[in-house]
Amino acid sequence: MPIGIADVLGYAASLAVLATFTVRRMVPLRILAILSNVLFIVYGYQAQIHPVLLLHLALLPINLVRLAGLVPGWLRRPPQRDLGLDGRT
């Protein structure tokens, strides 16, 4: 029986989840979790497994927000330079 793209995505997503259990630092763990969420979203869509799809659609923004909280300055806007009419900063 040939392995389809959905199967490959499912195995890749499962390996990403397994990898999260080997990571000790939080930022790499969240990055792997986000990768697994994306892979599981595509897998759930391809294989039409709605519970998997919905679960990882819910988990993805949670992991993104948690990652943003771990990285100082991430998602903050840089200070704007005021270029007035005189051209001074």
Item checked: Atom pair CG/CZ of Leu35 and Arg30 - distance to nearest 0.5 Å -> 14.5 Å
Check: Under 4.5 Å between side-chain heavy atoms, hopping through other hydrophobics if needed: is there a path connecting Leu18 to Val8?
Finding: no
Next item on the list: Look at the side-chain heavy atoms of Ile, Leu, Val, Met, Phe, Trp and Tyr, link any pair under 4.5 Å apart, and say whether Leu55 and Ile34 land in one connected group.
Entry: no
Checklist line | Joint cluster assignment, Val71 & Leu60, ILVMFWY side-chain distance < 4.5 Å | finding: yes
Next item on the list: Tell me whether Val23 is reachable from Met26 by hopping between hydrophobic residues (I, L, V, M, F, W, Y) whose side-chain heavy atoms are closer than 4.5 Å.
Entry: yes
Note to self: Quick check: closest heavy atoms across Ile49 and Tyr43, and the distance to 0.1 Å?
What the structure shows: CD1-OH, 3.5 Å
Notebook entry, point to check: In Å and rounded to the nearest 0.5 Å, what is the NE2 to CD1 distance from His56 to Ile62?
Noted result: 11.5 Å
Note to self: Do Leu39 and Tyr11 land in one hydrophobic cluster if side-chain heavy atoms of ILVMFWY residues count as linked below 4.5 Å?
What the structure shows: no
Next item on the list: Looking only at non-hydrogen atoms, find the nearest pair between Val52 and Gly44 and report the distance.
Entry: CG1-CA, 4.4 Å
Margin query: As an exercise, state the distance from CD1 of Ile41 to CG of Leu9, rounded to the nearest 0.5 Å.
Written below: 12.0 Å
Next item on the list: Kindly give the heavy-atom pair with the smallest separation between Leu29 and Thr20, and that separation in Å.
Entry: CD1-O, 3.6 Å
Check: In Å, rounded to the nearest 0.5 Å, how long is the span from CG of Leu54 to CG of Leu59?
Finding: 11.0 Å
Next item on the list: Could you tell me the separation between the CD atom of Gln46 and the CG atom of Leu53, rounded to the nearest 0.5 Å?
Entry: 11.0 Å
Next item on the list: Look up atom CD1 in Ile31 and atom CG in Leu67, then write down how far apart they are to the nearest 0.5 Å.
Entry: 5.5 Å
